Every structure is written in C-alpha cells, then in structure tokens.
Amino acid sequence: LSNYDPGEIETKWQKIWLEQKIFEVNEEKSKPKFYCLEMFPYPSGRIHMGHVRNYAIGDVIARYKRMKGFSVLHPMGWDAFGLPAENAAIKHGVHPAKWTYENIDYMKSQLIKLGLSYDWRREVTTCTPEYYRWNQWIFLKLYEKGLAYRKSSFVNWCPSCATVLANEQVIDGTCWRCESQVEQKELEQWFLRITAYAEELLQDCDKLTGWPEKVLTMQRNWIGKSEGVEVDFPIDGMNDALRIFTTRPDTIFGVTFMCISPEHPFAERLCEDREALKRIRRLQREPEIKEGLFTGKYAINPLNGEKVPIWIANFVLMEYGTGAIMSVPAHDQRDFEFAVRYGLPIKVVIKPVDKDLPEPLKEAYEEQGVMVNSGAFSGLPSAEGKKAVADYIEDKGLGKKTVNYRLRDWGISRQRYWGTPIPIIYCDNCGIVPVPEKDLPVILPENVNLTGKGESPLKYVEEFYKTRCPRCGGDARRETDTMDTFVDSSWYFVRYCSLQDEEAFHKEKIKYWMPVDQYIGGVEHAVLHLLYARFFTKVLRDLGIVPFDEPFQRLLTQGMVCMESYRCPEHDWLFPKEVKDGKCIHCGKHVQTGRVEKMSKSKKNIVDPDEMIETYGTDTVRVFTLFAAPPEKDLEWSSQGVEGAHRFLKRVYALFYKNHGWLKEETHTESIDPFSLQPSAFSLLSLIHRTIKRVTLDIEKEYQFNTAIARLMEFVNEVYNYEPKTNEDRKVFKFALKNFLLLLSPFAPHIAEELWHEMGEKGFILNESWPSYDEELAKEQMIELVVQINGKVRSKIMIPQGLSDEEVVKIALDDEKVKQWINGKEILKVIPVKGKLVNIVVKG
Ligand code: ANZ
Ligand code: ZN
C-alpha cells in the first residue's frame with residue numbers, strides 16, 4: 001500500500017470488474033432505468049483524446065446514475081463500415097474486414113484500460129451480417145412504404161478520378177485531389193424519403209428541451225421550412241406556363257426577368273443552342289459567380305402583363321421549389337448581381353418606410369418596407385402586401401400558397417465496397433425486385449478487387465451480382481452499390497437494448513430502455529447523424545417497433561480537446577515530446593509555438609492516450625480531462641494540469657495510507673450523534689455533508705464535473721492533516737473518508753475501489769448507494785470564538801455555531817493558548833457573550 005501505483009491497481013480492478021460482470025445490466029422492473037449513450041467510434045486504429053473525453057463524461061454519468069439507484073444501460077460498439085478501411089486496403093493490401101476487426105480488438109482493449117463501465121454483451125459491430133441484415137430489412141420496409149425510391153440525379157463527378165465527389169470535395173469547381181474540372185453527372189441512386197417527415201422533424205424540435213439550443217437551431221435551419229407561393233407565368237407564344245416559387249410575392253411588380261435551372265425540363269425546349277446549354281450544365285452550383293444564358297423566350301407577368309426575358313442560370317437549383325424563379329434584382333442580391341452582369345433592368349418596388357433608396361441601387365434592398373410601383377397594392381407595408389398579393393394570386397387561380405423545405409431526400413447509394421449491400425435485384429422481365437425478407441442478409445462477398453475508382457467494386461464480382469429473379473426465376477442482377485454508413489448509425493441505439501444473441505428488435509426490452517436518457521457526442525454531428533437518427537426513430541415507430549417519437553431525451557455536445565502546436569524551421573510540425581525548452585530535439589533550433597487549437601494529426605499537437613495512461617494511470621487522465629473544463633467547453637491540454645491531477649490522486653492515496661492502521665479496524669460509522677461531537681469532529685462531519693451536497697448538485701446541475709472535482713480537492717486539503725484522537729474522532733473521520741471515496745468513484749473509479757477495499761469494505765463501490773446529505777449539517781456552521789483575558793484578545797478558535805454558553809466556555813478554557821495565559825492564576829469571572837466571545841477575568 002505504501003506508494004500509489006496506478007498501473008497495478010488499475011489492471012487489477014479492470015480484471016476483477018469484468019470477471020465479476022459488474023457492468024452487466026438487465027431490465028429490473030422495480031428500478032427506474034437510465035440509458036446513457038456515447039456516440040460509438042469509427043474503428044480507425046486507436047482512440048484519441050477526444051474519445052477519452054467523450055467516454056469519460058459518459059462513464060461518470062453512468063456510474064453516478066447507477067449509484068443513485070437506476071438500472072443503467074451503458075453500451076459501446078463500432079461504426080465499422082466506411083471508406084478508410086477501403087483506402088487502407090488499397091494502400092497496404094489488407095482486407096478491409098481484417099483491418100477493421102484488428103482495429104476493433106485494439107481499441108476495445110484501450111477502452112477497457114480506461115475503466116469504462118460498458119456492458120460488452122451488447123457490443124454492436126455494424127459490419128457484421130447479424131447487424132447489417134437489419135439495415136437491409138429496414139430498407140425493404142421503407143421500400144414497401146414508398147419511402148425508398150430510385151431516381152436519377154446530378155452528382156459532382158471528377159472525370160479523371162472517375163469518382164463521385166461530395167460537395168465538400170469540390171473546391172472552386174475543381175476536384176480536391178487532382179484539380180480537374182468537376183462535372184455534373186447524372187446517376188441512378190437510391191433515396192430515402194426523409195422529406196416525408198420534414199414537418200414532424202421540425203415540430204418535434206420543440207420537444208427536445210434537453211438539447212443544446214445551437215444544435216436545435218442547426219436542425220431547424222437544415223430542414224429550412226419556408227412559406228411562399230407558386231405562381232404561373234405564361235410563356236409568350238407557347239401554350240405553356242412557367243411555374244415559379246417565391247417567398248416574396250410582395251415584390252412581384254419588380255420582376256424584370258425569369259431564371260430557370262439548367263436541369264429544368266423546359267431548358268431544352270426553350271434553348272436552341274445545345275452547346276451553350278451543355279456548357280452551363282457543367283458549371284458549379286450554388287456558385288460564387290452567377291452565370292446565365294438567355295433563351296430568347298419571354299414570360300408574361302400575370303399581375304401587370306409585362307413581358308420579361310427567360311434566362312437559364314447556374315444559381316437556380318432544380319431540387320428546390322420548382323426549379324424556376326421570378327427575378328427581382330432590386331430586392332434579391334443574387335438577382336441583383338445577375339442583372340448587373342448581364343445589363344438587365346432593376347426596378348424598385350419596396351421602399352424603406354423612413355427614407356429613399358439611392359439611385360441607382362448599389363445592392364439589393366432585401367428588408368421590409370412599403371410597396372411602391374405596384375398598382376393597386378402600392379402603399380401596403382410589405383408584410384401585409386405579401387399576404388394580400390398571395391391571396392389575390394390564389395383567388396384569381398394564378399397559383400397557390402405552398403410550403404417548401406430545404407431538406408432534401410437522403411441519397412444513400414455509395415459506389416463502394418465496405419458497406420451494406422442494398423437488397424435489390426434488377427430483372428429484365430420484372431424490373432426492380434426487392435430481395436425477399438427470408439433471403440436476408442445479402443452478404444457482402446469477401447473476394448473483391450479494390451481500385452478506389454468510381455464504380456462499385458461489387459460490379460465486377462460475378463458470384464455476387466449474378467442471381468435469379470425472386471419473382472420470375474430468370475437471370476437477374478443484384479444492385480452493386482452499398483449504403484451510406486449513416487444508415488448504420490441511425491438505429492444502433494435500439495440494437496443495444498437486447499443482447500447480441502437476442503432479437504434485434506426486442507419490443508419489451510426496447511420499451512424498458514428507450515429512449516436514450518443522455519446522449520453524448522461531438523457537435524460535428526449536429527445535423528446529419530442526429531437528424532437521420534430522429535428520422536429512423538419515426539420510421540421505426542410507424543413500423544410499430546418503437547413506442548416513442550424521439551430517440552434522445554438529452555444531448556450533451558462535449559467541447560474539443562485542444563493544445564498548442566509547435567513548428568521547427570527545419571523539421572516542420574513537431575509532436576510535443578519532440579520539443580524541449582522551446583527547442584527542437586532534432587536540430588536544436590527554436591520552435592514556433594502556434595495557437596491553442598483542436599488536436600489534429602496534421603499539426604501533431606496531440607498526446608497519445610496510451611502514453612498518458614502508461615505514465616500517470618487512467619484515473620489521472622480521467623480526472624484531468626474532467627477537471628480541466630466543463631464538459632461542453634473546449635479543453636486545453638496541459639502537462640501541468642495532468643501533473644496536478646496526478647498529485648491530487650497521490651495525496652488521496654497518502655491520506656488513506658497515513659490512517660491505514662486504524663481505518664481497517666474501526667467499523668461503526670452509523671451511530672454518530674452530531675450534537676455530542678467535539679468541535680473538530682463536528683466540523684469534519686459538517687464538511688463531508690457539505691462536500692456530498694456540492695458534488696451532488698454540481699453533477700445534477702448540467703454535469704459540472706470540473707467544480708465537483710474541485711470540491712473533492714478542497715476536502716482532501718482540509719482533512720489532510722487531521723489527526724483523530726478519540727474513538728469518536730475516528731468514527732467521524734472514517735465516515736467522512738468512506739463518503740469521500742463514494743464521491744470520487746465516478747471520476748477515478750480504480751483508486752476509489754482500491755482504497756474502499758483497503759478500508760475493509762466489502763463489495764464494489766458501483767453497487768453502493770450514492771451518499772445523501774443532511775441539509776442542516778451541510779451548512780457552513782463554523783464561527784470564530786474570540787477569547788479575551790482581562791480585556792485583551794488572547795485566542796481565536798473556530799467553533800460550530802449554536803453551542804450553549806456552557807459549551808462555549810468549556811472550549812475557551814480548554815484552549816491551549818488560553819491555558820498558557822491563565823497559567824494557574826485564579827479565575828474571577830467568565831462571561832460568555834452570544835456564543836461568539838468569552839471574557840475571562842483573572843486575578844493579578
Ligand atoms: C422572388 C424574390 C424576390 C425572392 C425577393 C426573394 C427575394 P428561401 O427563403 O430559402 O425559401 N428561389 C426559389 N427557388 C429557387 C431555386 N430553385 N434556386 C434558387 N433560388 C430559388 O428562398 C426562397 C427564394 O429563393 C424565392 O423567393 C426565390 O427568390 C429563390 F426580393 O422570389 B424569391
Ligand atoms: Zn423477374
């Protein structure tokens with residue numbers, strides 16, 4: 001026991017905890033449940049500090065709730081499909097499966113080394129057929145309901161890499177990898193109709209009171225509901241009308257031209273110049289530079305009969321509204337820029353209430369105001385005007401009010417190998433045929449040639465794609481694209497409710513555990529993952545599988561782990577350990593210190609969890625990450641901070657070691673009568689009650705673990721030199737130390753468990769109840785007693801408030817300093833004043 005050896009303590013307890021299965025939980029009907037979930041990691045190879053922080057936060061919550069009497073579900077798994085496995089395969093020639101499973105093995109050992117309280121019987125690995133068959137099953141259900149459909153759409157295509165690019169991979173219209181000009185290519189893809197749930201997803205944001213407001217705002221914006229009108233503009237000389245969507249019907253008298261998307265069905269009819277049309281179709285969308293092409297045709301404004309030219313423009317998206325707009329350059333900045341570029345007229349129809357607009361306009365006036373130059377509507381404030389014009393349009397049958405959402409259907413087809421096969425078969429006779437449920441899972445074949453180029457590698461695996469049509473029995477082909485991996489993570493939290501060898505959708509168990517009470521993860525998932533998971537939950541609800549609307553009651557988005565970076569003029573970015581006294585250890589040159597920012601491999605401003613655990617132990621790493629900042633704030637890694645956390649735990653250890661002899665013997669801590677205690681014991685009792693109270697409230701209130709740990713540090717400082725003298729003292733001290741360990745255990749579970757047993761306690765801390773406190777005792781109750789002898793202040797003593805005069809006098813006379821001053825002289829008078837002052841008059 002003599003020295004704190006975290007390595008030994010931690011491996012010992014980790015082993016025992018697993019052997020004794022103390023993290024395994026089952027549904028206990030008699031207890032309230034708590035489902036604590038951290039976002040599962042991608043098995044990239046090793047965990048980083050961001051993971052450590054995420055899981056440490058979750059572990060504190062899980063352990064705390066468990067001690068509070070909840071039945072706590074705390075699972076972990078692997079988001080195991082995805083591109084990096086495929087890239088590693090191409091680069092190093094290992095099969096993605098091998099690479100993935102090896103990473104999982106290693107990372108799992110790392111999580112165990114962190115002392116995290118997971119029930120591993122529930123481990124989910126999304127690349128296993130047992131898991132992904134249910135992706136396929138859900139897909140089939142969506143297909144049955146018309147919520148999964150195939151459609152051709154435009155994607156960013158790099159001709160030289162022969163691959164589809166995500167929007168983020170297109171930089172100034174060129175490929176991020178090879179810089180060739182990116183084209184728009186039409187591709188048949190599978191979509192999930194998330195838009196069918198757009199309104200509910202939006203409305204239910206109001207129910208998510210346990211979510212950070214910034215995340216809700218991002219979700220609302222992503223869904224992007226906008227109310228407006230669709231209006232038909234007849235095309236001059238044709239028996240057809242162009243339907244547009246606008247949110248600003250109040251500006252309709254200011255229309256000076258029309259724009260349609262290059263993909264608009266009218267584009268080819270209206271534009272004779274095919275080459276020019278082709279060129280514009282290759283242009284970047286949502287562009288910096290707005291470009292267009294005049295079709296030579298005109299449309300007629302249904303409100304004032306004006307003839308306006310129809311243009312094809314690259315800033316009009318086919319996927320939004322109707323793919324066509326009425327352009328009002330005076331009041332829409334995009335239209336303004338377009339008008340300036342092509343010399344089109346600009347007509348003001350909204351004027352600020354209190355001033356005039358400059359002539360000519362320097363930019364679009366997009367604010368509210370009063371309608372002008374607008375026929376009978378002139379003079380109306382724009383808000384009222386909006387409604388009046390919309391009503392007029394509807395009354396006259398010129399169009400209708402509509403609602404549009406920015407949210408797009410979710411394209412899930414990926415031309416990749418390492419993902420869930422889409423369970424669809426194409427037959428020349430029968431067309432698109434879903435794989436019958438009984439034939440699930442459609443297994444991803446092992447033998448495949450990975451090239452990293454455009455098409456799905458499965459296209460060349462004959463034993464995979466060659467199949468028979470389930471309907472007519474004829475030769476048929478399987479779909480060879482795989483699913484977006486976001487499908488996998490859209491329902492994994494439901495899978496954890498039952499054990500690995502049980503049903504995937506165990507209704508009773510789902511009903512008991514779901515929804516997740518606390519979800520913890522990075523804010524980078526504020527839209528996609530969290531929105532898809534909400535969407536799937538509603539789908540599963542409509543399938544009768546889950547009995548609730550929302551998957552995550554509370555959401556905590558933890559801050560980033562940050563650190564300063566170092567750069568050597570000779571050796572570029574350096575790892576922190578390559579820097580000594582501000583110099584590069586390789587060349588001795590002075591290094592430049594960069595600002596504190598998110599740890600990243602590219603800038604090498606990272607510390608490796610394994611190394612930290614090796615040096616300081618897991619408990620120190622946990623305490624540091626939890627102490628350095630509140631969970632939702634960014635955390636700055638600092639080696640002094642880690643040292644500080646380590647010193648604290650060493651001191652805790654030393655405190656117990658000092659008292660080890662008697663701690664084990666003394667057993668009765670139950671029968672303490674606070675009011676019979678000596679002042680020092682009383683104040684110790686009060687201190688532990690106060691500490692319990694503060695730590696509990698810090699955890700309950702927004703998980704303020706940093707201040708909770710600060711309380712524990714204060715406690716140790718206050719009691720470190722306490723020396724129990726009497727039996728009573730020891731009783732109280734032991735009581736305080738026991739409770740201290742209970743409080744410490746969610747943060748530093750290993751040292752707490754070790755000392756708990758060293759104190760002679762039986763059983764595991766995790767199975768103990770969280771300590772409760774007495775409001776009265778927890779009060780700050782010490783006051784200063786001043787003792788005067790013959791009118792001079794001779795001593796000041798801290799005493800509990802509210803003692804009787806008799807007791808106060810006794811304390812004063814027992815005080816060592818007072819005794820020295822009296823020094824055997826005769827005491828003439830002792831006058832206690834309000835329990836705060838004692839006047840002693842002595843002879844001579
Ligand atoms: C005329 C107008 C005048 C507009 C004005 C705005 C201001 P939100 O709020 O995002 O829904 N628009 C409509 N469909 C479009 C498409 N497919 N591609 C690009 N732009 C499109 O935006 C709605 C507004 O965006 C619509 O209202 C339309 O321009 C444009 F002073 O119509 B507005
Ligand atoms: Zn067939």
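No hydrogens, no waters, no symmetry mates; every other heavy atom, side chains included, goes into these values. Throughout, residue positions are numbered sequentially from 1 according to the sequence presented. Counting starts at 1 for both ligands and their atoms, following the listed order. None of the values given here were measured: they were computed from a predicted structure.
Residues His264 and Leu270 fail the side-chain proximity criterion, which asks for heavy atoms closer than 4.5 Å. Residues Trp410 and Ser490 are in side-chain contact: their nearest non-hydrogen atoms beyond the backbone lie under 4.5 Å apart.
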Show me, pair by pair, the donor-acceptor contacts under 3.5 angstrom made by side chains of residues 144-154, not counting sequence neighbours?
from, atom 1, to, atom 2, distance (Å)
Tyr149, OH, Asp409, OD2, 2.5
Arg150, NE, Glu188, OE1, 3.0
Arg150, NH1, Tyr426, OH, 2.9
Arg150, NH1, Glu479, OE1, 3.4
Arg150, NH2, Glu188, OE1, 3.3
Ser152, OG, Glu186, OE2, 2.7

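Taking the centre and axis of the six-membered ring of Phe338, the NZ or CZ atom of Arg341 falls outside the cone set by 45° and 6.0 Å.
In terms of the side-chain contact (heavy atoms from CB on, under 4.5 Å) criterion, residue partners of Ala276 (sequence neighbours excluded) are, by chain and number, Asp273, Leu293.
Judged as a side chain to side chain donor-acceptor pair (under 3.5 Å), the pairs with a partner in residues 541-553 (not counting sequence neighbours) are, in order, Tyr197-Asp542, Glu200-Arg541, Lys207-Asp549, Arg534-Glu550, Lys538-Glu550, Arg541-Asp549.
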Please tabulate, line by line, the atom pairs linking an N/O of ligand 1 to a protein N/O at a distance below 3.5 Å, with the distance in Å to 0.1, or answer 'none'.
from, atom 1, to, atom 2, distance (Å)
ligand 1, 10 (O), Arg406, NH2, 2.7
ligand 1, 11 (O), Ser226, OG, 2.6
ligand 1, 11 (O), Tyr320, OH, 2.5
ligand 1, 17 (N), Leu317, O, 2.7
ligand 1, 17 (N), Tyr320, O, 2.9
ligand 1, 18 (N), Leu317, N, 3.0
ligand 1, 20 (N), Arg334, NH1, 3.4
ligand 1, 25 (O), Arg334, NH2, 3.2
ligand 1, 27 (O), Thr246, OG1, 3.3
ligand 1, 27 (O), Thr247, N, 3.1
ligand 1, 27 (O), Thr247, OG1, 3.3
ligand 1, 32 (O), Thr246, OG1, 2.7

